[in-house]
Enquirer: 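After the structure tokens below, expect a handful of questions from me.
Fair warning: this is a prediction, and the values are worked out from it, not measured in the lab. Convention: sequence-line order gives letters A, B, ...; per-chain numbering from 1.
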Amino acid sequence: MTDYNTLTVPEATAIQKTLKDQVIVTPFTGDIKLIGGADISFNKFSTTVYAGIVLLTFPDLKPVGYSLVRKEVLFPYVPGFLAFREVPALLEAWEQLPVKPDVLVVDGHGIAHPRKMGIASHFGVLAQHPTIGSAKKKLYGKYEEPGLQQNEHTLLTDKFDQPIGTVLRSKKNVKPIFVSPGHLTDIPTSLRILQQSIRNYRLPEPTRLAHNAVNSFRKGLINEGYTKAD
DNA sequence: GCGACAG
DNA sequence: ATCTTGTCGC
């Protein structure tokens with residue numbers, strides 16, 4: 001894999017344009033026995049990132065294991081290029097998993113991106129695995145505010161009015177979350193899977209638990225490597 | 001030139 | 001993203 005740490009933004013843009021042709025947006029049909037959640041944590045002003053992927057049963061959403069990896073990252077955070085900061089570490093956490101989840105939920109967007117290459121799509125193409133992007137804020141696109149009741153949703157569209165994702169009210173009276181296909185999933189199936197991943201919080205269990213895990217890892221409360229859940 | 005701008 | 005206490009609203 002090419003070293004993302006020494007890339008310039010123009011070079012990163014070129015890579016995104018190449019990977020874009022490899023993204024496959026198609027209905028996810030298979031059964032889901034295991035679902036994964038991926039996230040990153042770091043200390044402000046530090047080049048050390050703490051990446052993690054959590055495995056949970058589906059549809060029970062009970063955690064079964066955590067894969068944690070620490071890595072040095074030099075590529076800066078630039079809106080639209082998040083993947084170049086987080087994907088390398090996430091791929092290491094991915095390779096460290098004893099078993100792969102049927103689908104992985106990544107904290108960030110999938111095709112709901114200026115070049116249709118958000119982190120969920122980027123990771124999916126490199127790992128050659130189904131992914132879904134779940135973000136807390138919009139990066140690109142336009143939409144109508146969904147109703148305030150749980151599960152109400154509207155379409156997120158690009159500049160040609162083509163659908164690129166869903167704006168979902170995951171819980172009553174909370175800010176909506178943005179769901180989009182990463183790789184080997186489509187808009188309807190990514191939304192269904194995401195909805196089945198919501199429990200008592202605004203954020204889906206996969207990325208919510210991944211977020212908790214990487215933060216505990218960063219604070220030294222959990223060890224690096226793969227650990228089975230209690 | 002002016003806004004928008006995942007984590 | 002992270003830091004960080006109290007406070008407002010359902």
Enquirer: Check every atom of B:dC5, B:dG7, C:dT2 against the side chain of A:F42 and return the nucleotide holding the closest atom.
Expert: B:dG7
Enquirer: NA contact type, A:F81, heavy-atom cut-off 4.0 Å: base, sugar-phosphate, or nothing?
Expert: base
Enquirer: Quick one: do the A:T48 and A:E72 side chains pair a donor with an acceptor below 3.5 Å?
Expert: yes
Enquirer: Check whether any side-chain N or O of A:R115 sits under 4.0 Å from OP1 or OP2 of B:dA6, and answer yes or no.
Expert: no
Enquirer: Using whole Å, report how far CG of A:N43 lies from P of B:dG7.
Expert: 18 Å
Enquirer: Would you classify A:K172 as touching base, sugar-phosphate or nothing, given that sugar-phosphate means primed atoms plus P, OP1 and OP2, and contacts are heavy atoms under 4.0 Å?
Expert: nothing
Enquirer: Output the rounded distance in Å from OH (A:Y50) to P (C:dT2).
Expert: 12 Å
Enquirer: Could you give the CG-to-P distance, from A:L139 to C:dA1, as a whole number of Å?
Expert: 14 Å
Enquirer: Compare the minimum distances between each of B:dA6, C:dA1, C:dC10 and the side chain of A:K44, then state the nucleotide with the smallest one.
Expert: C:dA1
Enquirer: In terms of side-chain heavy atoms of A:A135, which of C:dT2, C:dC10, B:dG7 is nearest?
Expert: B:dG7
Enquirer: Is A:K142 near enough to B:dA4 that one of its side-chain N or O atoms lies under 4.0 angstrom from OP1 or OP2?
Expert: no
Enquirer: Over how many whole Å does the gap from A:K175 atom NZ to B:dA6 atom P extend?
Expert: 12 Å
Enquirer: Check every atom of B:dA6, C:dC10, C:dT2 against the side chain of A:S41 and return the nucleotide holding the closest atom.
Expert: C:dT2
Enquirer: In whole angstroms, how far is the C1' atom of B:dA6 from the CE atom of A:M117?
Expert: 14 Å
Enquirer: From the options A:L90, A:D107, A:I40, select the one residue that forms a side chain to side chain contact (heavy atoms under 4.5 Å, CB included) with A:I119.
Expert: A:L90
Enquirer: Just to be sure I understand the rule, does A:H211 reach a base, reach only the sugar-phosphate, or reach nothing, if contact means heavy atoms closer than 4.0 Å?
Expert: sugar-phosphate
Enquirer: Ignoring backbone atoms, test whether A:N215 places a side-chain nitrogen or oxygen under 4.0 Å from the OP1 or OP2 oxygen of C:dT2.
Expert: yes
Enquirer: Within a radius of less than 6.0 Å around NZ of A:K172, do more than 12 heavy atoms belonging to other residues, nucleotides or ligands occur?
Expert: no
Enquirer: Please confirm whether the ring centroid of A:Y143 lies under 6.0 Å from the ring centroid of A:F178.
Expert: yes
Enquirer: Can we call the ring centroids of A:F123 and A:H129 under 6.0 Å apart?
Expert: no
Enquirer: I need the NZ-C1' distance between A:K137 and B:dC5, as an integer number of Å.
Expert: 9 Å
Enquirer: A:D39 has an atom CG; how far is it from atom C1' of C:dA1, in whole Å?
Expert: 9 Å
Enquirer: Could you check whether A:D107 gets within reach of a base, just the sugar-phosphate, or nothing at all, counting any heavy atom under 4.0 Å?
Expert: sugar-phosphate
Enquirer: With sugar-phosphate meaning primed atoms plus P, OP1 and OP2, does A:G80 contact a base, only sugar-phosphate, or nothing at under 4.0 Å between heavy atoms?
Expert: base
Enquirer: Separation of A:Y140 atom OH from B:dG7 atom C1', in whole Å?
Expert: 20 Å
